[in-house]
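Numbering starts at 1 and runs along the sequence shown.
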Amino acid sequence: MDAIVGGIKVEFRLIYEGSLVSNGRPESKQTIRRVFHPQIKCLLDRRPMQHVKESIEKELHKKPPDSIRGFQPVALIRESDMHIVHLEVLLLVPEEPGTMLSQVGDLDNRLKTLLDALRIPKEQEIPENDYPQEVEKPYFYCLLEDDALITSLSVFADRDLREQTDKDKSHTLAIIRIHLEKSITTLRTMTWTC
């Protein structure tokens, strides 16, 4: 993780290893979210991110998050913070480069499953009979309030050269590098005059 300079820039990585399917169902996305939650929580508990956690907790004290089937999702990156978010995604898969599209479903839809799992879920994206575990209380941490906050995205797919014994074709090692910068002006905040 890069150091924050006056709250202006930060860089860190999230890692997921497991099934990554095209057009993932709510269960698939929630499984991935559950892998990211402890990583984001760990990030917020370490310097220099502790002040970010304190700021989030102050806001939550004033206005608690909406509960979604018992989960209280909290985003690290919110629209109100006016951040520029760059993601670099490395997908390592157990097949030759170039066959990912034909054998396991197209790359765009697998990537959509991953990006959906980075943001706060919608109510219909929480599987029925799914409730927060103790480690997911009081808050369930997600990276993004909305995936529309991603301002740029680079995706690289390559073959996972580790020995693949019982892994299916959807098995993926995803390493997501997040670059976060404070934006003074964004398209959403600009005033247009003619």
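A donor-acceptor contact shorter than 3.5 Å is absent between the side chain of Gln72 and the backbone of Ile68. Using a distance-only test at 3.5 Å, with no hydrogens or angles considered, no donor-acceptor pair links the side chain of His179 to the main chain of Phe12. In terms of modelled atom types and a separation under 3.5 Å, the side chain of Thr31 and the main chain of Glu27 share a donor-acceptor contact.
For the pair Pro121/Arg33, a side-chain contact is recorded, criterion being any heavy-atom separation below 4.5 Å from C-beta on. In this structure, the side chains of Leu91 and Asp158 stay at 4.5 Å or more apart for every pair of heavy atoms. Side-chain contact between Ile77 and Leu180: present, with at least one pair of heavy atoms (C-beta onward) separated by less than 4.5 Å. Put simply, the side chain of Ile176 does not reach to within 4.5 Å of the side chain of Leu143, judged on heavy atoms. Between Phe71 and Glu136, the closest side-chain pair of non-hydrogen atoms falls below 4.5 Å. In this structure the side chain of Glu59 reaches within 4.5 angstrom of the side chain of Arg78, judged on heavy atoms. A 4.5 Å side-chain heavy-atom check between Lys58 and His61 finds every atom pair outside the cut-off. Taking the side chain as every heavy atom from C-beta outward, Thr172 and Asp160 never approach each other to under 4.5 Å.
Clustering of Ile, Leu, Val, Met, Phe, Trp and Tyr by side-chain heavy atoms under 4.5 Å joins Ile15 with Leu90, Leu92, Phe156, Leu173, Ile175.
With salt bridges taken as basic N to acidic carboxylate O contacts below 4.0 Å, one links Glu125 and Arg119. Salt bridge present: Lys112 and Asp116 bring a charged side-chain N and a carboxylate O closer than 4.0 Å. Contact check on Arg162 versus Glu17 returns a salt bridge, with a Lys/Arg side-chain nitrogen under 4.0 Å from an Asp/Glu carboxylate oxygen.
The structure places CG of Leu43 at 6.5 Å from CG of Leu76, a figure rounded to the nearest 0.5 Å. In this structure, Leu20 CG and Asn109 CG are separated by 10.5 Å, a value rounded to the nearest 0.5 Å. For the atom pair CG (Leu144) and CD (Glu79), the distance works out to 12.0 Å, reported to the nearest 0.5 Å. To the nearest 0.5 Å, atom CE of residue Met49 and atom CD of residue Glu54 are 11.5 Å apart.
The two atoms that bring Ile40 and Cys142 nearest to each other are CD1-C, 3.4 Å, heavy atoms only. Taking each heavy atom of Ser19 and Ile32 in turn, the nearest pair found is O-CD1, 4.4 Å. Between Thr113 and Ser22, the shortest heavy-atom contact is OG1-C, 4.1 Å. The two atoms that bring Leu60 and Pro65 nearest to each other are CD2-CD, 3.5 Å, heavy atoms only.
The cluster map of Ile, Leu, Val, Met, Phe, Trp and Tyr, joined by side-chain heavy atoms under 4.5 Å apart, puts Phe36 and Leu44 in the same cluster. The hydrophobic clustering, which links ILVMFWY residues whose side-chain heavy atoms are closer than 4.5 Å, places Ile120 and Ile150 apart.
Contacts of Glu134 classified as side-chain hydrogen bond (donor to acceptor under 3.5 Å, both in side chains), with partners at least two apart in sequence or in another chain: Lys137. In this structure, the side-chain hydrogen bond (donor to acceptor under 3.5 Å, both in side chains) partners of Asp130, at least two apart in sequence or on a different chain, are Gln30, Arg34. Partners of Arg69 by salt bridge (charged side-chain N to carboxylate O under 4.0 Å, His left out), not counting sequence neighbours: none found. Listed by chain and number, the residues in a salt bridge (charged side-chain N to carboxylate O under 4.0 Å, His left out) with Asp66 amount to none (sequence neighbours excluded).
Each of Leu115, Val155, Val93 was compared with Arg110 under the side chain to side chain contact (heavy atoms under 4.5 Å, CB included) criterion, and only Val93 meets it.
Applying the side chain to side chain donor-acceptor pair (under 3.5 Å) test to every pair with at least one member in residues 141-154, sequence neighbours left out, gives these pairs: His86-Ser152.
Sparse packing is recorded around CD of Glu128, with 12 or fewer heavy atoms of other residues, nucleotides or ligands lying under 6.0 Å away.
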Quiz item: Given the rule in the side chain to side chain contact (heavy atoms under 4.5 Å, CB included) test, do Arg47 and Gln50 qualify, once you have shown the distances and angles that lead to the verdict?
Solution: CA-CA 5 Å; Arg47 292 185 347 181; Gln50 289 169 323; 2.9 Å; yes
Practice problem: Using the side chain to side chain contact (heavy atoms under 4.5 Å, CB included) rule, take Leu118 and Leu87 through it: C-alpha gap first, then chi angles, then the decisive distance, then the call. | Solution: CA-CA 11 Å; Leu118 286 171; Leu87 298 184; 4.0 Å; yes
